[in-house]
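Side chains are part of it too, since the values below use all heavy atoms of this structure and drop only hydrogens, waters and symmetry mates.
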Amino acid sequence: MELDKAQSGGERANEARRGSGPAALLPATIVVRLEALVRDVRTVLNDFTGARPAPYSVREPLARHLIAVTPEPSPGITPRRLRVTRVVRETKDAVSLTLTDPEGRRITFVPGQFFTVLVTLASGEVLRRAYSISSLPDEDGAAAEVTITIKRMPGGRASNHLNERVAEGDVLDVLGPSGNFIVTPDPAARRHLVLIAGGSGITPLASITRTTLAREPESRVSLVYGNRGEADVIFRESLESLARDHADRFTLRHVLSDPPEGFTGRTGLLDHDNVTRELDAIAASSGLDADAAEYYVCGPEPMMIAAREALLARGVEPARIHEERFSAPARRTTPELPKASALVEIRLRGRTKIVSAAPGQTLLEAGLGASLPMPFSCTMGGCGVCKVKLLSGNVTSEEPNCLHEEERSQGFVLACVSHAAAPCTVEVP
């Protein structure tokens with residue numbers, strides 16, 4: 001699953017965060033929150049006194065969107081560097097990369113989130129791709145290392161590069177973690193998660209499965225996983241091991257369109273009929289209550305459409321259906337960019353500031369360049385953190401992105417992939 005957008009990179013060390021002194025003794029999340037508060041107070045004081053703030057001040061996302069970025073001149077968004085410490089070949093077309101912070105900082109994430117990986121090709125072109133975290137965090141919500149899993153896509157420049165060229169010791173630039181397709185662990189929870197995955201859609205669901213079984217002793221997980229053949233099943237051995245170790249709480253059901261001889265599971269595609277039959281089987285074996293379970297769906301678009309239709313036909317409330325969609329680069333359309341600068345009025349936390357968006361500059365880049373603490377995470381239309389409401393004017397946006405139809409109808413746009421086509425006014429929720 002990939003998302004594509006070219007970016008020019010660059011990084012400089014964040015001496016303040018790495019240095020000595022009292023701040024070095026505090027947890028990373030506390031340091032980031034204090035730094036964000038100081039920047040906000042300084043910005044407000046500057047507005048009152050008329051002092052010109054330092055250009056390109058960037059506010060890091062907080063809590064589960066923590067990415068420890070470093071301010072840069074333009075565009076104001078700098079990735080975090082993580083080192084590859086282990087490379088595991090999951091299938092002939094899928095590889096897992098284990099990443100650690102070179103400075104030993106722990107990485108905060110919630111099961112189901114993804115990293116935006118900046119992939120530098122041999123030509124020097126930098127592509128942005130979204131790859132989900134497949135490992136689980138420790139009990140404190142962070143980990144010394146995280147694993148992302150990449151499936152090779154036909155013609156996928158980034159996925160082929162990562163499958164063929166990345167080795168232990170290499171360093172990757174990442175943004176995030178990002179995304180709201182998550183399950184926050186709760187040791188007191190007593191819930192039933194029904195997960196429906198197709199192909200590489202297993203990646204975020206693997207993290208959710210592993211974490212739920214490890215952190216919620218009273219919760220159940222039922223996983224329906226569709227693939228072409230047995231050799232295409234990502235995490236096959238680890239999933240089978242979980243099924244043995246948690247036989248009373250974890251149900252694993254494979255659906256194969258090209259099964260080997262002796263396969264006893266369901267065959268064919270994960271279409272409406274097969275999803276319905278699989279849900280019937282889960283209900284028969286575990287007493288599935290459609291009104292109490294939560295459903296998480298991730299995979300190819302036809303499978304996701306079929307799964308949603310099957311769930312709705314069973315009477316599942318839409319609010320209980322959670323979906324993760326990553327659009328393929330070939331499907332993305334980039335509108336013609338404005339050829340002239342445009343004034344953008346940004347309303348944020350009771351303040352209003354007018355900034356100039358240069359040709360080719362996104363609303364997010366324009367706001368960050370004017371020292372506004374605009375929230376962001378993935379920077380490529382995949383997580384929704386940078387959502388703003390367009391109150392007037394006109395913008396052009398890259399499509400498809402993660403906005404739902406309801407959000408679009410309410411006038412929301414994503415600041416990270418939207419450009420001002422004319423003077424406009426936006427409001428940060």
Side-chain angles (χ1 to χ4, degrees), residues 1-4 90-96 112-114 117 129-134 148-160 162-163 179-181 193-209 222-236 239 252-259 265-279 295-313 316 318 321-333 380-383 399-405:
M1 292 181 288
E2 300 182 345
L3 285 169
D4 185 11
E90 302 288 354
T91 70
K92 64 181 180 62
D93 289 323
V95 66
S96 287
Q113 289 191 308
F114 63 88
V117 181
R129 295 292 190 271
Y131 295 114
S132 297
I133 299 171
S134 54
I148 60 173
T149 302
I150 303 101
K151 182 177 181 180
R152 187 196 314 269
M153 307 301 291
R157 294 184 294 165
S159 62
N160 277 278
L162 293 172
N163 266 264
N180 296 312
F181 182 75
L193 303 182
V194 179
L195 316 179
I196 304 174
S200 59
I202 188 62
T203 309
L205 298 181
S207 179
I208 290 173
T209 297
S222 297
L223 170 62
V224 179
Y225 186 16
N227 282 281
R228 175 175 296 178
E230 196 172 67
D232 301 305
V233 178
I234 303 173
F235 312 130
R236 182 176 62 179
L239 289 174
L252 173 62
R253 301 185 61 85
H254 291 290
V255 178
L256 301 179
S257 59
D258 186 15
R266 199 169 306 281
T267 61
L269 299 174
L270 268 181
D271 54 15
H272 183 285
D273 290 341
N274 271 344
V275 170
T276 299
R277 292 188 179 99
E278 287 298 303
L279 293 173
Y295 301 83
Y296 289 77
V297 186
C298 188
E301 189 70 15
M303 185 220 79
M304 295 187 64
I305 294 173
R308 184 175 184 83
E309 291 176 349
L311 290 169
L312 292 175
V316 176
I321 304 174
H322 312 275
E323 300 167 296
E324 179 77 301
R325 283 184 167 87
F326 291 114
S327 61
R331 293 179 52 203
R332 298 203 76 188
T333 59
M380 59 182 206
C383 68
E399 297 285 354
N401 57 55
C402 70
L403 284 180
H404 299 297
E405 287 305 318

Of Leu312, Leu311, Ile305, the residue whose pairing with Glu309 passes side-chain contact (heavy atoms from CB on, under 4.5 Å):
Ile305
Under the criterion side-chain contact (heavy atoms from CB on, under 4.5 Å), which of Val233, Thr149, Leu223 is the partner of Ile202?
Leu223
Looking at residues at least two apart in the chain, or sitting in another chain, which of them share a salt bridge (Lys or Arg N to Asp or Glu O under 4.0 Å) with Glu323?
Arg308, Arg325
Any chance you could measure [X], atom [atom1], to [Y], atom [atom2], to the nearest 0.5 Å?
X: Ser222; Y: Leu193; atom1: OG; atom2: CG; value: 9.0 Å
X: Ser96; Y: Glu90; atom1: OG; atom2: CD; value: 3.5 Å
X: Gln113; Y: Ser207; atom1: CD; atom2: OG; value: 9.0 Å

Looking only at non-hydrogen atoms, find the nearest pair between [X] and [Y] and report the distance.
X: Val255; Y: Gly268; value: CG1-O, 3.4 Å
X: Pro259; Y: Thr267; value: CG-CG2, 3.5 Å
X: Glu324; Y: Met304; value: O-CE, 3.3 Å
X: Phe114; Y: Cys383; value: CZ-CB, 4.1 Å
X: Arg129; Y: Ala158; value: CG-CB, 3.2 Å
X: Pro204; Y: Gly112; value: CB-O, 3.8 Å

Residue pair [X] / [Y], side-chain heavy-atom distance below 4.5 Å:
X: Val275; Y: Met303; answer: no
X: Thr91; Y: Asp232; answer: no
X: Asn274; Y: Leu269; answer: no
X: Leu205; Y: Tyr225; answer: no

Using the test ring pair (Phe, Tyr, Trp, His ring centres under 6.0 Å), find all partners of Phe181 that sit at least two apart in sequence or belong to another chain.
Tyr296
I'd like to check the ring pair (Phe, Tyr, Trp, His ring centres under 6.0 Å) partners of His254; sequence neighbours left out, ordered by chain and number.
none
